[in-house]
Peer 1: 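Just dropping this structure here.
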Amino acid sequence: MAYQSTIDLHAHSTASDGELAPDALVKRAAQNGIETLALTDHDTVAGLVKAYAAAMQYNIKLINGIELSARWNNKTIHIVGLNIEADNKTMIDATVQLNQLREERAVKIGEKLEKVGINNAFKETKRLAGTGTVTRQHFAQFLVNNGHAKSHADVFKRFLVNNKPGYVSVDWPELDETICNIHSAGGVAVIAHPLRYKMTATKLRKLISEFKVLGGEAIEVVTGNNNKNEISTVSNYAKKYNVAASIGSDFHNCKSPWAQLGNLTALPPDLTPVWELW
Ligand code: AMP
Ligand code: MN
Ligand code: MN
Ligand code: MN
């Protein structure tokens with residue numbers, strides 16, 4: 001049953017592909033009754049300082065987070081790092097490398113779109129990303145704004161994905177390195193939105209068991225858009241592989257009703273909540 005959770009451990013700001021600046025995000029979280037919020041921007045910790053200041057103002061407990069792009073079995077997966085030290089050198093070095101990969105990919109995406117007659121995509125997308133991390137979400141925004149697609153969902157069907165114009169694969173750091181970086185920064189590693197990778201159940205179980213062997217601590221059991229069956233499936237994985245459970249909306253903007261801050265089903269009571277690990 002949907003209710004308003006007071007804990008939300010997955011959210012994006014303008015430091016990556018979110019719509020709200022870090023302070024506005026924290027304000028909105030407070031308005032939604034959230035008491036504990038993790039800011040988890042893609043491959044950057046740049047929003048945390050501003051978010052922290054706002055969290056003091058609105059009396060919210062801010063958990064320093066990040067959502068790291070990683071590679072496992074040649075597939076891109078997302079690993080959320082929670083309760084990290086934001087000024088940790090290993091983590092900051094990792095984000096510099098990740099953003100370089102993102103910039104290189106963005107240039108190539110622009111070149112590929114150019115080949116199908118879509119001009120200025122790189123330049124305009126960079127403008128949309130501003131000082132934040134450049135993501136495919138910004139390319140999607142550019143493509144929608146310019147009438148090449150009718151929605152973001154449409155973009156991710158017709159562009160930017162395997163075998164479609166504008167697709168560029170990236171050799172993100174391997175899963176083991178990603179987990180090590182989170183641990184170096186004193187954080188806890190969490191597999192983000194496990195059911196969104198279009199993996200077979202067998203593959204996903206393999207991912208979780210290898211993640212656990214590598215020292216990974218938790219898995220997102222409740223995310224913004226999952227139903228009762230999905231929560232039950234992931235709960236069973238958490239129990240089977242003895243990993244803790246996280247909860248987070250993956251908030252990006254105020255338009256997606258399924259991913260609003262704190263608009264989440266409660267974590268099943270028989271799991272270890274990830275916050276018990278810090
Ligand atoms: P990137 O990390 O740059 O590859 O971009 C991934 C981001 O694109 C995700 O975090 C989402 O914000 C967005 N995204 C990916 N797939 C979809 C989709 N099918 N519909 C809408 N947004 C998506
Ligand atoms: Mn995103
Ligand atoms: Mn993600
Ligand atoms: Mn996310």
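Along the sequence shown, the residues carry numbers beginning at 1. Not measured: the values here are computed from a predicted model. Counting starts at 1 for both ligands and their atoms, following the listed order.
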Peer 1: Between N73 and K203, is there a side-chain heavy-atom distance shorter than 4.5 Å?
Peer 2: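 Yes, their side chains come closer than 4.5 Å.
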Peer 1: Any chance NZ of K27 has more than 12 other-residue heavy atoms, nucleotides or ligands included, within less than 6.0 Å?
Peer 2: no
Peer 1: Could you check whether any side-chain N or O of N88 sits under 3.5 Å from a backbone N or O of S184, counting only pairs where one atom can act as donor and the other as acceptor?
Peer 2: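 At least one qualifying donor-acceptor pair exists.
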Peer 1: Using the test ring pair (Phe, Tyr, Trp, His ring centres under 6.0 Å), find all partners of Y241 that sit at least two apart in sequence or belong to another chain.
Peer 2: none
Peer 1: Going by the side chain to side chain donor-acceptor pair (under 3.5 Å) test, name the single residue among N99, D43, T95 that passes it with T133.
Peer 2: N99
Peer 1: Answer with yes or no whether the side chains of E67 and H12 bring together a donor and an acceptor at under 3.5 Å.
Peer 2: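 The criterion, which ignores hydrogens and geometry beyond distance, is satisfied for E67 and H12.
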Peer 1: Do the side chains of K255 and E19 get close enough for a salt bridge, i.e. N-O under 4.0 angstrom?
Peer 2: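 The answer is yes: the pair qualifies as a salt bridge.
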Peer 1: Determine, for D250 against R196, whether the closest basic-nitrogen to carboxylate-oxygen distance falls under 4.0 angstrom.
Peer 2: yes
Peer 1: With hydrogens left out, which residues have an atom under 4.0 Å from ligand 1, given that only heavy atoms count?
Peer 2: D17, H42, R102, R105, T135, R136, Q137, F156, H252
Peer 1: Considering the Mn ion (ligand 4), could you give the total of protein N/O/S atoms lying closer than 2.8 Å?
Peer 2: 4
Peer 1: Y197: which residues meet the side-chain contact (heavy atoms from CB on, under 4.5 Å) condition with it, sequence neighbours left out?
Peer 2: K75, I77, H78, I191, A192, H193, M199
